[in-house]
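Chain letters run A, B, ... following the sequence lines, proteins first, then strands; residues in each count from 1. These numbers were taken from a predicted model, which means no experiment stands behind them.
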Amino acid sequence: MSTAALTTQGDTIVFPEPLIRARIVRRPNRFIIDADVDGTGNETACHCPTTGRIGNLVLDGLDCLLSRSRNPARKTPYTVEAVSVDAPGTGRPAWIGINQSAVNRYVEQALVHHLLPKIVTAHTVLREQPLGSSRLDFLVDDDTYVEVKTPLDNLQVALGDHVRTRPSPPLASTDRLVKHIGELGRGLKAHQRAVLLVCFLYDNPGFQVRPSSHHDEVRASVAQAVQDGVEIWQVNFRLDTTGVRVARHRDLTGRFRS
DNA sequence: ACTCGGCTCTTAGATTGCTT
DNA sequence: AAGCAATCTAAGAGCCGAGT
């Protein structure tokens, strides 16, 4: 699904072709997920688009959804778009989308087609626009900057007994994100808005901030950014084999005031 | 002929988890 | 502790053709 065009019909962002269900065999490295695509036990190397870890899951044995790539230059014919922590073979599993770069395309569709009405109803949407010393994902109607984040390192879902986990590492860097937010606030002119979209490609009931070693410091700089006018919104998407819908979106800004 | 524009193709860089 | 893996993007190189 890397370059394939998305369309939107009503409230649904539609995949160009339906995703394919498969079972994960293993993840040998950062980029590859070996999957059994047709249930025969044959393994196919699929691209893993996730930039970091997926919760602390061991993916082996979990069901997943694949998109077929039509790029002939690719070595892997499929991209893993989602995984499920439900028991393998479950009838209608809850999917957890893992393609963070695809989220930007979903958000673009959502903006253009007014699927986030509480935030903004866009007339024009520009991508990758500079603000201060950074580039923000979108500039909407010349006055609203939108930055998309899709955290996957701490999945906030219940795990059944069949799911194995690995020990969680000491939680590296929310640092870059915080720095980004800070710059966002400082670069803002009076008539402009900046919106940080915290996106989930699954049903996350309430975004929780996990305490880190320098939690207070982080809270302080985020609070400062909020003071400077940055808004923080949570967007839950719901993904199935045919497309993506906005399940809900809500304003979290108040939680980050000091 | 020479230059400039536009197009295409190539290449370098960024992106880290997992296994041995 | 070290090496491996694939994709996307941006920037650069190279090429061809047209216009002056």
Side-chain angles (χ1 to χ4, degrees), chain A residues 1-6 13 15-17 19-20 22-37 42-85 96-109 125-131 133-139 146-155 157 159 163-181 183 197-199 201 210 212-213 244:
Chain A
M1 246 245 344
S2 22
T3 52
L6 292 171
I13 300 159
F15 298 136
E17 49 188 312
L19 302 184
I20 299 159
R23 184 153 306 161
I24 295 173
V25 178
R26 72 178 77 78
R27 183 187 187 181
N29 62 51
R30 149 78 173 76
F31 300 102
I32 299 296
I33 287 175
D34 292 324
D36 179 358
V37 180
N42 294 329
E43 294 172 22
T44 305
C46 305
H47 180 61
C48 174
T50 309
T51 60
R53 60 167 45 220
I54 301 164
N56 46 14
L57 299 179
V58 174
L59 299 179
D60 304 11
L62 300 182
D63 282 352
C64 66
L65 290 179
L66 309 175
S67 61
R68 186 190 292 277
S69 169
R70 17 182 241 7
N71 178 356
R74 274 178 55 146
K75 296 183 183 175
T76 56
Y78 302 104
T79 298
V80 179
E81 300 289 343
V83 302
S84 177
V85 296
I96 300 171
I98 65 165
N99 190 340
Q100 289 151 318
S101 65
V103 176
N104 280 62
R105 296 190 284 272
Y106 304 157
V107 169
E108 180 176 35
Q109 290 289 311
V125 178
L126 303 176
R127 306 177 69 140
E128 296 293 328
Q129 295 301 300
L131 171 66
S133 57
S134 27
R135 298 179 88 78
L136 282 296
D137 292 324
F138 300 101
L139 174 56
V146 176
E147 178 69 7
V148 177
K149 293 296 165 201
T150 309
L152 278 176
D153 54 318
N154 56 343
L155 285 186
V157 293
L159 301 180
V163 180
R164 303 256 147 271
T165 58
R166 356 182 132 263
S168 14
L171 178 58
S173 54
T174 45
D175 294 5
R176 206 170 53 200
L177 172 59
V178 170
K179 186 177 170 201
H180 213 157
I181 298 175
E183 287 175 1
L197 280 194
V198 184
C199 296
L201 292 181
R210 197 153 62 131
S212 81
S213 47
V244 177

Task: R26(A) bridged to D34(A) by N-O distance under 4.0 Å - done: yes
TODO: Check whether any side-chain N or O of N56(A) sits under 3.5 Å from a backbone N or O of P167(A) as a donor-acceptor pair, and report yes or no.
DONE: no
- [ ] Please state how far atom CZ in R127(A) lies from atom C1' in dT9(C), giving the value in whole angstrom units.
- [x] 12 Å
TODO: Starting from P on dA14(B), measure out to CZ on F31(A) and report it in whole angstrom.
DONE: 13 Å
TODO: Kindly calculate the angle separating the two end axes of the helix from dA1(B)-dT20(C) to dT20(B)-dA1(C), each obtained from five base pairs, and round it to 10 degrees.
DONE: 40°
- [ ] Starting at atom CD of E128(A), determine the distance to atom P of dA10(C), rounded to an integer number of angstrom.
- [x] 7 Å
TODO: Would you kindly give the CG-to-C1' distance between D60(A) and dC18(B), to the nearest whole Å?
DONE: 10 Å
Open item on the list: How many whole angstroms separate atom CD of E81(A) from atom P of dA6(C)?
Closed with: 18 Å
TODO: Please determine, by modelled atom types, if T50(A) and R30(A) share a side-chain donor-acceptor pair under 3.5 angstrom.
DONE: no
Task: Given dT19(B), dT15(B), dT7(C), the nucleotide with the shortest approach to the side chain of R166(A) - done: dT19(B)
Task: Among dG17(B), dC8(C), dA6(C), the one nearest R74(A) by side-chain distance - done: dC8(C)
- [ ] Return the nearest nucleotide to the side chain of R53(A); candidates are dT15(B), dC18(B), dA6(C).
- [x] dC18(B)
- [ ] Ignoring backbone atoms, test whether N71(A) places a side-chain nitrogen or oxygen under 4.0 Å from the OP1 or OP2 oxygen of dC8(C).
- [x] yes
Task: Nearest-0.5 Å distance, CG of residue L136(A) to CG of residue L126(A) - done: 12.0 Å
Open item on the list: I'd like to check Q100(A) versus L201(A) (side-chain heavy atoms, cut-off strictly below 4.5 Å). Are they in contact?
Closed with: no
Open item on the list: Nearest to the T51(A) side chain among dG17(B), dT7(C), dT15(B), which nucleotide is it?
Closed with: dT15(B)
TODO: Measure the acute angle between the ring planes of H47(A) and F31(A), then classify it against the limits of 30° and 60° as parallel, tilted or perpendicular.
DONE: parallel
TODO: Figure out the CG/C1' separation between N99(A) and dT15(B), and round it to whole Å.
DONE: 13 Å
Open item on the list: Side chain of N29(A), heavy atoms from C-beta onward: which of dC4(C), dT16(B), dA6(C) has the nearest atom to it?
Closed with: dC4(C)
Task: Minimum-distance nucleotide (side-chain atoms of R27(A) versus dA5(C), dT7(C), dC18(B)) - done: dC18(B)
Open item on the list: The side chain of T76(A) is closest to which nucleotide in this list: dT7(C), dT16(B), dT19(B)?
Closed with: dT7(C)
- [ ] Flag the pair D63(A) and R23(A) as a salt bridge only when some basic side-chain nitrogen lies within less than 4.0 angstrom of an acidic carboxylate oxygen.
- [x] yes
Task: Rounded interatomic separation in angstrom, taking CG from L59(A) and C1' from dT19(B) - done: 15 Å
TODO: Rounded to the nearest angstrom, tell me the gap between atom CD in Q100(A) and atom P in dA14(B).
DONE: 19 Å
